[in-house]
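The next block holds one structure in the form of structure tokens; read it before the comments.
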Amino acid sequence: MTDSAAAALVIVGGGPTGHAALKAYRAAGSAGRVVMISEDTAAPYHRPPLSKDFLRGESGEDALPLEPLAFYRDGDTELMLADSVVAVDPLARTVIFRSGGHLRYEKCILATGCEPVQLDVPGAGTALRLRWLEQGRRLRQRAQTARSAVVIGSGFIGCEAAMSLAQRGLSVTMVSPEPAPQLRRLGAAASVLITEWLEGEGVEIHREAKVVEVGQGRTVRLSDGAVLTTDLVLSAVGVLPRIELAEKIGADLRDGRVLVDERMRTSVPDLLAAGDVVMAYNTGAQRHLAVEHWGEAERMGEIAGTTAAGGRDQWSNPPGFWSEIGNHTLKYSAWGDGFDEAVPVHRDNGGLTVWYLKNGVTVGVLTSEADDDYDRGQVLVAAGSPSPI
């Protein structure tokens with residue numbers, strides 16, 4: 001694509017951040033030409049169901065789109081699928097496409113997100129991974145005929161997918177590098193609760209286990225000599241920010257992410273970045289934070305789109321998200337950069353609240369079956385209140 005007409009806004013990435021940026025840009029009253037470029041073959045869609053109801057077969061692809069396809073073909077809006085931007089010239093304000101050609105812009109938003117990490121062991125490329133729709137399709141198709149699965153990793157995607165596969169009737173084994181799932185991130189009480197949920201559905205957990213080889217997506221060999229034989233292997237060991245474009249441009253980076261201010265502006269004029277790929281300044285926390293939550297991806301996209309349109313918005317709220325692990329829901333809101341104490345409060349109904357403290361200040365809250373504490377916790381975190389206990 002080579003076009004002599006400049007775009008008012010180019011959005012690089014077709015995930016929740018890019019989609020939210022487009023909507024916010026239009027909502028701010030900007031009527032210029034907007035071009036969104038996505039490597040995906042599908043228009044922006046909900047990704048959380050890929051490890052939950054979509055994987056269980058309870059919902060189909062028709063429930064995934066964020067908007068009807070016509071939304072991206074309305075007026076001056078264009079969506080380019082199955083293509084990518086390989087370079088950005090910030091002086092000429094031009095993006096260069098993998099398919100050939102280039103396009104000039106007035107403002108550009110990098111919403112390149114993250115990609116799943118591939119284990120650095122022999123055969124790792126034969127394991128399935130889960131982030132995009134095509135990967136979700138393959139996993140669901142394999143799960144339809146499989147009788148067993150090994151899930152490598154005990155983060156939220158690993159826990160959600162392991163539970164969904166177990167609820168489909170598969171015999172599921174989780175390989176966790178931790179003594180218990182989510183122990184380091186969420187503390188002992190939350191980890192015990194998640195473990196109870198998983199084991200209650202028959203998920204077997206190999207704790208403090210290290211994978212040394214994956215055999216054709218059918219076996220997993222551990223460092224202790226154990227060999228797990230299975231019908232499918234899902235690797236869910238984390239993600240890496242896609243910062244390659246920002247690096248080429250020369251934008252400031254920090255800790256492997258694109259450094260932006262509270263309005264999602266990079267160090268490069270007229271270039272913004274938002275979502276999982278950034279280290280963004282949060283005015284409530286008064287520091288830069290890295291967040292990989294769906295809700296924050298959308299919120300940052302809104303801010304970037306508003307900023308690109310000349311409006312004013314800023315990131316100030318405590319990040320938060322929900323995780324559905326089978327029939328159970330965790331709600332979590334926290335600044336996300338550490339705590340020194342996790343105080344659990346158990347409820348008579350089986351619910352749990354965990355208050356996260358740092359130097360005596362409330363920096364996070366996690367709840368299950370305790371929505372009132374979650375709502376209260378968000379207020380306390382935002383205000384930097386002392387421990388509520």
Sole candidate of Val35, Leu103, Leu245 that passes side-chain contact (heavy atoms from CB on, under 4.5 Å) when paired with Val95: Leu103
So, applying side-chain contact (heavy atoms from CB on, under 4.5 Å) with Val233, which one of Thr219, Ile152, Val175, Val211 is it?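 With Val233 as partner, side-chain contact (heavy atoms from CB on, under 4.5 Å) holds for just one option, Ile152.
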Residue set satisfying side-chain contact (heavy atoms from CB on, under 4.5 Å) with Ala280, at least two apart, ordered chain then number -> Val260, Met264, Val278, Met300, Trp315
Taking atom [atom1] as the centre, does [X] end up with more than 12 heavy-atom neighbours from other residues, nucleotides or ligands that are less than 6.0 angstrom away?
X: Trp322; atom1: CH2; result: no
X: Asp372; atom1: CG; result: yes
X: Arg147; atom1: CZ; result: no
X: Gln286; atom1: CD; result: no
X: Glu213; atom1: CD; result: yes
X: Gln216; atom1: CD; result: no

Nearest-0.5 Å distance that lies between atom [atom1] in [X] and atom [atom2] in [Y]:
X: Ile249; Y: Glu244; atom1: CD1; atom2: CD; value: 11.5 Å
X: Leu186; Y: Tyr356; atom1: CG; atom2: OH; value: 4.5 Å
X: Ile243; Y: Arg254; atom1: CD1; atom2: CZ; value: 14.0 Å
X: Ile11; Y: Thr112; atom1: CD1; atom2: OG1; value: 13.0 Å
X: Thr229; Y: Arg221; atom1: OG1; atom2: CZ; value: 12.5 Å
X: Arg168; Y: Leu55; atom1: CZ; atom2: CG; value: 6.5 Å

Does a donor on one side chain sit under 3.5 Å from an acceptor on the other, for [X] and [Y]?
X: Thr94; Y: Asp89; answer: no
X: Ser154; Y: Gln182; answer: no
X: Arg26; Y: Thr77; answer: yes
X: Tyr45; Y: Asp40; answer: yes
X: Ser171; Y: Ser148; answer: no
X: Thr367; Y: Thr353; answer: no
X: Ser235; Y: Arg129; answer: no

Quick one: does any side-chain atom of [X] pair with a main-chain N or O of [Y] as donor and acceptor, under 3.5 Å?
X: Thr307; Y: Ile303; value: yes
X: Thr126; Y: Gly217; value: yes
X: Arg131; Y: Cys114; value: yes
X: Arg98; Y: Ala82; value: yes
X: Gln135; Y: Trp132; value: yes
X: Lys331; Y: Glu369; value: no
X: Asn282; Y: Pro318; value: no
X: Glu208; Y: Pro179; value: no
X: Gln141; Y: Arg137; value: no

Using the salt bridge (charged side-chain N to carboxylate O under 4.0 Å, His left out) rule, collect all pairs that involve residues 354-364, keeping only residues at least two apart or in two chains. none
Just to verify, what does His328 make a ring-ring contact (aromatic ring centres under 6.0 Å, His included) with, not counting sequence neighbours?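 ring-ring contact (aromatic ring centres under 6.0 Å, His included) list for His328, sorted by chain: Trp197.
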Do [X] and [Y] have side-chain heavy atoms sitting under 4.5 Å apart?
X: Glu298; Y: Thr17; answer: no
X: Trp355; Y: Pro388; answer: yes
X: Thr266; Y: Asp252; answer: no
X: Ser323; Y: Thr329; answer: no
X: His293; Y: Val291; answer: yes

[X] and [Y] ion-paired at < 4.0 Å:
X: Arg138; Y: Glu134; result: yes
X: Arg93; Y: Asp270; result: yes
X: Arg242; Y: Glu39; result: yes
X: Arg207; Y: Glu199; result: yes
X: Arg33; Y: Glu78; result: yes
X: Lys52; Y: Glu324; result: no

Please tell me whether [X] and [Y] are part of a single hydrophobic cluster in this structure, the criterion being side-chain heavy atoms less than 4.5 Å apart.
X: Leu139; Y: Val117; value: no
X: Ile37; Y: Leu272; value: no
X: Val237; Y: Met174; value: no
X: Val258; Y: Tyr105; value: no
X: Val12; Y: Ile109; value: no

Begin from the C-alpha positions of Phe71 and His19 and carry the test side chain to side chain contact (heavy atoms under 4.5 Å, CB included) through to its verdict. CA-CA 11 Å; Phe71 174 84; His19 175 75; 4.1 Å; yes
Closest non-hydrogen atom pair, [X] against [Y]:
X: Leu222; Y: Ala209; result: CD1-CB, 4.2 Å
X: Ala236; Y: Ile157; result: CB-CG2, 4.2 Å
X: Pro44; Y: Met36; result: CG-SD, 4.0 Å
X: Pro90; Y: Val268; result: CB-CG1, 3.6 Å

Could you check whether Arg287 makes a cation-pi contact with Tyr281, meaning its NZ or CZ is under 6.0 Å from the centre of the six-membered ring and within 45° of the ring axis? no
Looking at Tyr374 versus Tyr332, is the centre-to-centre ring distance below 6.0 Å? no
What's the verdict on side chain to side chain contact (heavy atoms under 4.5 Å, CB included) for Arg218 and Asp231, showing C-alpha distance, side-chain angles and the deciding distance? CA-CA 6 Å; Arg218 298 284 183 174; Asp231 293 329; 3.9 Å; yes
Residue among Glu201, Glu58, Arg56 satisfying side-chain hydrogen bond (donor to acceptor under 3.5 Å, both in side chains) with Ser164: Arg56
